[in-house]
Amino acid sequence: MRQAKVAGKTPRRSRGREGSALTAAAGQHLVGMCSTAALWLERNAAAIDALNVFPVPDGDTGTNMLLTLRAAVAEARGARTRGIAQAAEALAYGALMGARGNSGVILSQFFQGLAQGMHGLEVAQPRELAQALAMGSQAAYNALSQPVEGTILTVARDASKAAVAAATAGGDLAATLAAAAAAAAQAVERTPQQLPVLREAGVVDAGGQGFRVILEGAAAFLRDGRVRHAREIIAPPAHSPIARSQQGEGYGFCTELVVHGQELAPDQLRQWLGAIGTSVMVVGDPAMVRVHVHTATPQAVVDYASHLGLVDRIKIEDMDAQHQEARRRAPPASLGVVAVAWGEGFAQAMESLGARPVVRCGETMNPSLFDLLTAIEDAPAAEVVLLPNNANVLPAARQVGKLTAKRVFVLSTQTLPQGVAALLAYNSEATTDANLAAMEEARQGVRTLEVTRASRGTSVAGRSIRAGQAISLLEGRIVGAAGTEEEALRQGLAAAGAPPADIVTIYYGEGQSESQTRALADRLRQAYPSEWEVLGGGQPHYSYILSLE
């Protein structure tokens with residue numbers, strides 16, 4: 001069996017297992033723990049997604065946590081660190097940049113606290129690991145203005161307490177983390193007793209279950225000393241550098257890369273980039289920095305960075321081509337708008353109303369914090385309104401303003417119709433204060449009714465729901481369940497009141513046709529004589545999304 005080296009020493013062993021005998025964990029072991037945790041989470045992500053209290057097909061807690069953890073591991077692997085403090089910092093940075101959804105943001109905050117607990121360490125004894133877990137738990141609590149028990153927060157706290165107790169009793173690293181995982185499992189089972197909504201739905205907390213799986217995967221690595229069932233962690237694709245560009249006017253090239261070195265000087269690099277470009281972002285430390293800059297000479301950036309250290313994750317995009325149509329359609333605005341959208345119909349509608357750029361989402365419907373940051377930096381304005389258009393995107397949206405020199409205003413749009421309504425009130429020639437007031441008023445004047453299919457059977461708010469039933473949600477609250485989308489839609493409209501709105505816009509999603517939707521609108525108009533409009537949203541998961549104004 002190979003000997004694991006930690007800080008130049010061979011660790012003790014017991015019971016013949018490499019991981020269970022480690023008395024200190026170097027950076028490579030911390031990354032191995034998280035790599036194994038990501039594999040375990042990948043195997044369980046679908047099951048965790050299904051634990052969403054509302055049985056909607058985009059309940060993606062497990063997926064969001066997996067994508068966040070993958071980003072953390074990819075960052076730490078690329079950093080090539082040896083000490084545990086550097087590895088923890090790289091994991092925290094990767095989790096922060098890759099955080100998706102509410103669960104991903106909370107997980108990223110846990111990693112921030114974990115890194116603080118390991119600050120300055122080359123290796124970690126069991127008590128230091130336990131204390132770092134406790135600091136991670138506290139950081140997650142501190143990130144929320146109104147923390148709720150019976151969630152991932154409770155599970156992380158109980159796990160860290162068990163880790164401290166095990167380490168104090170003399171347990172090694174493997175025993176300490178195993179105690180944390182066991183306590184997490186018990187805490188997950190108690191979550192329905194702490195949250196009535198979980199008890200009624202017959203599920204445990206999804207975020208807590210995801211955290212439990214992460215701890216169990218990490219404990220498995222320490223127990224066996226290797227990545228269990230090793231498989232390549234999916235990382236963002238690398239991009240090859242392009243040839244040196246010609247000098248010219250316009251937006252230039254959006255250039256991003258990562259530099260790995262020994263004594264990098266982020267401040268000096270930031271100053272140099274500022275002389276040849278705009279929208280400069282340099283984040284990192286003397287061992288690794290991430291660079292973002294808008295410049296007419298992207299190859300010069302790559303060449304300069306190559307003299308500083310190893311360069312990877314190069315991405316260069318021609319912004320002149322991207323913004324040519326936008327420049328032709330509208331004059332530069334003092335206040336820009338960045339919107340999040342899923343479904344090409346919604347994305348195009350938001351672009352036509354002045355959003356530059358629109359962050360297009362895939363099946364997960366949750367962009368990472370870095371996706372949002374890049375869009376804000378690319379917006380042609382010093383002040384930007386960010387429209388998350390999803391309650392699960394709000395946590396990441398509220399973090400992004402801390403990472404840019406631009407002034408960012410987050411409008412709490414929690415649905416796509418709210419985002420469209422806010423954009424309809426946007427005036428590129430008005431002042432920032434006037435725009436914010438008008439857009440907020442428009443957001444509040446819209447209610448959203450959504451129709452989808454239940455992903456599983458459950459009970460919510462006293463209503464029994466079968467898997468596969470059509471369900472309607474009014475402002476995120478389930479108000480109807482039926483055999484057909486039309487009947488569920490009628491139940492939703494009834495719950496909205498009579499008349500439900502003066503103007504009803506129905507956006508049809510993937511799998512629905514315009515002709516079928518117009519026929520549906522004609523039938524509904526007879527019962528609800530409002531002004532009806534039919535548009536193609538193209539959204540996944542939801543057959544129909546209605547804007548009630």
Does [Y] offer a backbone N or O that forms a donor-acceptor pair with the side chain of [X] under 3.5 Å?
X: E75; Y: A92; result: no
X: T404; Y: G401; result: no
X: K406; Y: V384; result: no
X: S352; Y: A349; result: yes
X: R447; Y: A496; result: yes
X: S472; Y: G480; result: yes
X: Y507; Y: L416; result: no
X: Q418; Y: Q444; result: no
X: D158; Y: A184; result: no
X: D371; Y: S368; result: yes

Taking [X] first and then [Y], would you say they form a salt bridge - that is, a charged N and a carboxylate O separated by under 4.0 Å?
X: R407; Y: E383; value: yes
X: R157; Y: E149; value: yes
X: R356; Y: E351; value: no
X: R525; Y: E531; value: no
X: R443; Y: E440; value: yes

Task: Other residues, nucleotides, ligands: >12 heavy atoms within 6.0 Å of R463 CZ - done: yes

Task: CD/E441: more than 12 non-hydrogen atoms of other groups inside 6.0 Å - done: no

Any side-chain heavy-atom pair from [X] and [Y] closer than 4.5 angstrom?
X: V446; Y: V420; result: no
X: R456; Y: V203; result: yes
X: E256; Y: F370; result: yes
X: I48; Y: L41; result: yes
X: I376; Y: V400; result: yes
X: I503; Y: S530; result: no
X: L353; Y: Y426; result: no
X: L546; Y: T448; result: no

Open item on the list: Would you say N142 and Q138 are linked by a side-chain donor-acceptor pair, where the criterion is simply a distance under 3.5 Å?
Closed with: yes

- [ ] Determine whether the side chains of S547 and T505 contain a donor N or O and an acceptor N or O closer than 3.5 Å.
- [x] no

Point-to-point distance, once rounded to the nearest 0.5 Å, from [atom1] of [X] to [atom2] of [Y]:
X: W40; Y: L215; atom1: CH2; atom2: CG; value: 11.5 Å
X: L153; Y: F211; atom1: CG; atom2: CZ; value: 10.0 Å
X: R398; Y: L372; atom1: CZ; atom2: CG; value: 13.0 Å
X: L96; Y: K402; atom1: CG; atom2: NZ; value: 9.0 Å
X: Q112; Y: L107; atom1: CD; atom2: CG; value: 10.5 Å
X: L489; Y: T484; atom1: CG; atom2: OG1; value: 9.0 Å

Task: Trace of the side chain to side chain donor-acceptor pair (under 3.5 Å) decision for Q193 with R190 - done: CA-CA 5 Å; Q193 303 170 24; R190 290 193 296 267; over 6 Å; no

Identify the two heavy atoms, one from [X] and one from [Y], that lie closest to each other, and give their separation to 0.1 Å.
X: Q469; Y: S464; result: OE1-O, 4.2 Å
X: S35; Y: R77; result: OG-NH2, 3.5 Å
X: T68; Y: A95; result: CG2-O, 3.6 Å
X: C361; Y: P367; result: SG-CD, 3.6 Å
X: A482; Y: E487; result: CB-CG, 3.4 Å
X: I545; Y: F346; result: CD1-CE1, 4.3 Å

Open item on the list: Testing L423, N390, L394, L387 one by one against T413 for a side-chain contact (heavy atoms from CB on, under 4.5 Å), which residue passes?
Closed with: L387

TODO: Would you check, one step at a time, whether the test side chain to side chain contact (heavy atoms under 4.5 Å, CB included) holds for L51 with D205?
DONE: CA-CA 7 Å; L51 293 174; D205 181 70; over 6 Å; no

Open item on the list: Let's go through E485 and Y544 carefully: what are the C-alpha distance in whole Å and the side-chain angles of both, what is the deciding distance for side chain to side chain contact (heavy atoms under 4.5 Å, CB included) to 0.1 Å, and is it a yes or a no?
Closed with: CA-CA 8 Å; E485 282 92 349; Y544 304 107; 4.0 Å; yes

Task: Y542/R453 under side chain to side chain contact (heavy atoms under 4.5 Å, CB included): CA gap, chis, key distance, verdict - done: CA-CA 8 Å; Y542 290 81; R453 289 279 179 177; over 6 Å; no

TODO: Go through the steps for L520 and I506 under the test side chain to side chain contact (heavy atoms under 4.5 Å, CB included), then give the verdict.
DONE: CA-CA 10 Å; L520 171 62; I506 179 168; 4.2 Å; yes

Task: Worked check of side chain to side chain donor-acceptor pair (under 3.5 Å) between S513 and Q516 - done: CA-CA 5 Å; S513 70; Q516 290 175 331; 3.1 Å; yes

Task: Option among T63, T61, N64 that satisfies the side chain to side chain donor-acceptor pair (under 3.5 Å) test with D49 - done: T63

